[in-house]
There are 2 protein chains.
Amino acid sequence: MDRQEAHDRILDAAEQLFYGRGIQAVGMAEIRQASGVSLKRLYQCFASKEDLVDAYLRRRDQRWHQALAEHIDRHRSPERRLLAVFDFLAAWFDTSDFRGCAFINAFGELGAVSTPVAGLARAHKCALRAQLRALAVEADAEDAEALADQLLLLVEGAIVAAAMRQTHHCPAEQGKAAARGLLNAHLSTTTPDLSAPPGE
Amino acid sequence: MDRQEAHDRILDAAEQLFYGRGIQAVGMAEIRQASGVSLKRLYQCFASKEDLVDAYLRRRDQRWHQALAEHIDRHRSPERRLLAVFDFLAAWFDTSDFRGCAFINAFGELGAVSTPVAGLARAHKCALRAQLRALAVEADAEDAEALADQLLLLVEGAIVAAAMRQTHHCPAEQGKAAARGLLNAHLSTTTPDLSAPPGE
DNA sequence: TCAGGTCGAGAATGATCGTTCTCCGGATGG
DNA sequence: CCATCCGGAGAACGATCATTCTCGACCTGA
C-alpha cells in the first residue's frame with residue numbers, strides 16, 4: 001500500500017467516523033483501525049488530528065459543492081435549476097448515513113474552540129450562498145442578494161430539520177415549496193405565477 | 001450557601017460554559033471554579049456530567065420558549081404575532097454571547113452518541129414547531145401545517161446563519177421578509193396583500 | 001468540652017486520548 | 001551474506017478528564 005492509498009483510506013475512514021459520530025467522539029486509534037493503516041503511517045500522512053480534521057472538512061466541502069453543481073447542471077431553465085437545489089437535498093437526506101451538515105455540526109462542536117474549523121465552516125456556507133446568488137441572478141430575481149439570503153435560510157433550515165426529524169416528512173419538499181413561493185414573489189412584477197409546481 | 005443556591009450557581013456556570021464553548025470542551029473542574037461550588041457539592045447536586053448536561057438543556061429549553069412566548073404576546077394581530085418570532089430572533093442574535101442554537105450545537109456534538117441529548121434537541125424543535133403551528137392557525141393560513149413547516153425552516157436557517165455570520169447583515173430580517181412572503185402566499189385567496197411591511 | 005456531622009479544598013484514581021517510541025521482520029542493495 | 005532502511009504492531013508517555021477519597025476546619029447540640 002503506497003502513500004497515496006494510505007492517505008485516501010485514512011481520509012475515507014475519518015470522514016465516515018467524524019461525520020457519523022462527531023469529531024471529538026472518535027479517536028485516532030479508531031481511525032487507524034477503520035482505515036487499516038498503521039499509526040505511524042497515519043501520522044506521516046497527517047501530522048496531527050487537527051490536520052486530519054482540516055483535510056476531512058476541505059475534501060467534504062469540495063465534494064459537496066461539486067455534487068450540488070452537478071445536480072443543478074442537469075437542468076436548463078433557471079427556475080428548474082434553482083429548485084433543483086432542493087431535489088439535491090432530498091436525495092442527500094435519504095442517504096442512510098445522513099446526519100446533518102458536517103460543517104454545522106463541526107461548528108457547533110468546535111467553532112468556539114478552533115479557529116480553523118470555524119473558518120472552514122464559514123467558508124462552506126459562504127460558497128453555498130454564492131451558488132444560490134448565482135442561481136438567483138440567472139433567474140432574473142429583482143433583488144438577487146435578498147433572494148439568495150432567503151434561499152440560504154431555507155436550505156440550512158431544511159438540513160437542520162432533516163438531521164433531527166423523527167417523522168418521515170421531508171424538509172426538502174417543504175423547502176422547495178417555500179422556495180417556489182419566494183422565487184415567485186421576487187419575480188412577481190415581471191413574470192407569470194409559478195406557484196403551481198410545473199410537471200417534472 | 002444552601003443547596004438551592006449551589007444548584008442554581010452550578011447551572012448558571014454550566015450554561016454559560018457549555019453554550020459558549022461546547023459541552024465536551026468544558027470540564028467539571030472549570031464549572032466548579034466558575035460556580036464557586038466545591039466539587040463534592042457539585043456531585044451532590046448533579047450525579048454526573050450527563051445529568052448536568054440534561055439539566056442545562058432542559059432549563060434552557062424552558063426559558064427560551066417562555067421568552068419567545070412573551071415576545072409574541074406583546075402583539076395582538078395574528079400577523080404581527082407571527083412576525084414577532086423574527087423580532088425575537090433579531091434581539092437574540094444581537095446578544096453578545098450568542099453562539100447559535102444550544103440544541104443544534106448539542107445535537108451536532110453529541111446527538112449520535114447520547115440518546116438523551118438527541119431526544120432533548122428533538123423535543124425542543126418539536127415544541128418550536130408547535131408554537132409556529134399555533135401562530136399559523138391563528139393567522140388563518142390555508143394550510144397551517146405546511147406554513148408551520150416552512151416557517152420552521154426559516155427560523156432554524158436564520159439561527160444557523162446568524163451563528164456563523166461574519167457580516168453584520170441580520171438573518172432575522174431576511175427571515176422576516178421571507179416569512180411575510182410565505183404568509184402572504186398562504187393567505188392569498190382570502191386576504192389582501194401583506195407584502196409591504198406594516199409600520200411598527 | 002466533646003462527639004457527630006458537614007463542608008471545602010484538592011489529592012488520588014482510573015480511564016481515555018493524542019502522540020511518540022521501541023522492537024522486530026522483511027525488503028533492498030552491494 | 002550482511003548492512004541498512006522502512007514499515008507495522010502496539011507499548012509507552014504525558015496530559016486531561018470524570019469521579020471519588022482524604023483530611024482538616026468548622027459548626028451544632030448537649
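Values in this document were obtained by computation on a predicted structure and should not be read as measured data. Within every chain, numbering begins at 1; the chains are lettered A, B, ... in the order of the sequence lines, protein sequences first and strands thereafter.
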- Quick note, side chain to side chain donor-acceptor pair (under 3.5 Å) partners involving residues 5-20 of chain B, not counting sequence neighbours, are B/Q4-B/D8, B/E5-B/R9, B/D12-B/R59, B/E15-B/R59, B/E15-B/R60
- Message: Using a strict heavy-atom distance below 4.0 Å, which residues from residues 52-60 of chain B are in contact with DNA chain C?
- Response: none
- What pairs with B/F93 under ring pair (Phe, Tyr, Trp, His ring centres under 6.0 Å), at least two apart in sequence or on another chain? B/F98
- Between residues 10-31 of chain B and DNA chain D, which residues have a heavy-atom gap below 4.0 Å? B/V26, B/G27, B/M28
- Task: Name all residues meeting the ring pair (Phe, Tyr, Trp, His ring centres under 6.0 Å) criterion together with B/F86; count only those two or more places apart in sequence or in a different chain, and write none if there are none.
- Result: none
- What integer distance in Å separates A/K40:NZ from D/dC6:P? 10 Å
- Item | With sequence neighbours excluded, residues passing side chain to side chain donor-acceptor pair (under 3.5 Å) with A/R32 | none
- A/R41 has a side chain; which of D/dT19, D/dG8, D/dG10 sits nearest to it? D/dG8
- Go through the structure and list residues passing side chain to side chain contact (heavy atoms under 4.5 Å, CB included) with A/N105, not counting sequence neighbours. A/R99
- side chain to side chain donor-acceptor pair (under 3.5 Å) pairs, two or more places apart, involving residues 40-55 of chain A: A/D54-A/R58
- In chain order, what residues pass the side chain to side chain contact (heavy atoms under 4.5 Å, CB included) check against B/E70, with sequence neighbours excluded? B/Q66
- Across all chains, not counting sequence neighbours, the side chain to side chain donor-acceptor pair (under 3.5 Å) partners of A/D73 are A/R81
Show every donor-acceptor pair shorter than 3.5 Å between a side-chain atom in residues 120-128 of chain B and any protein atom, with sequence neighbours excluded, or say none if there are none.
{"residue": "B/R122", "atom": "NH1", "partner": "A/M164", "partner atom": "O", "Å": "3.4"}
{"residue": "B/H124", "atom": "ND1", "partner": "B/D61", "partner atom": "OD1", "Å": "2.6"}
{"residue": "B/K125", "atom": "NZ", "partner": "B/E156", "partner atom": "OE1", "Å": "3.3"}

- Task: Would you kindly give the CG-to-C1' distance between A/L42 and D/dG7, to the nearest whole Å?
- Result: 14 Å
- Note on the structure: To the nearest angstrom, the CD-P distance between B/E50 and D/dA18 comes to 12 Å
- Item | Range on DNA chain C touched by chain B, heavy atoms, distance below 4.0 Å | C/dC7 to C/dG8
- Query: Separation of B/Q33 atom CD from D/dT16 atom P, in whole Å?
  - Reply: 15 Å
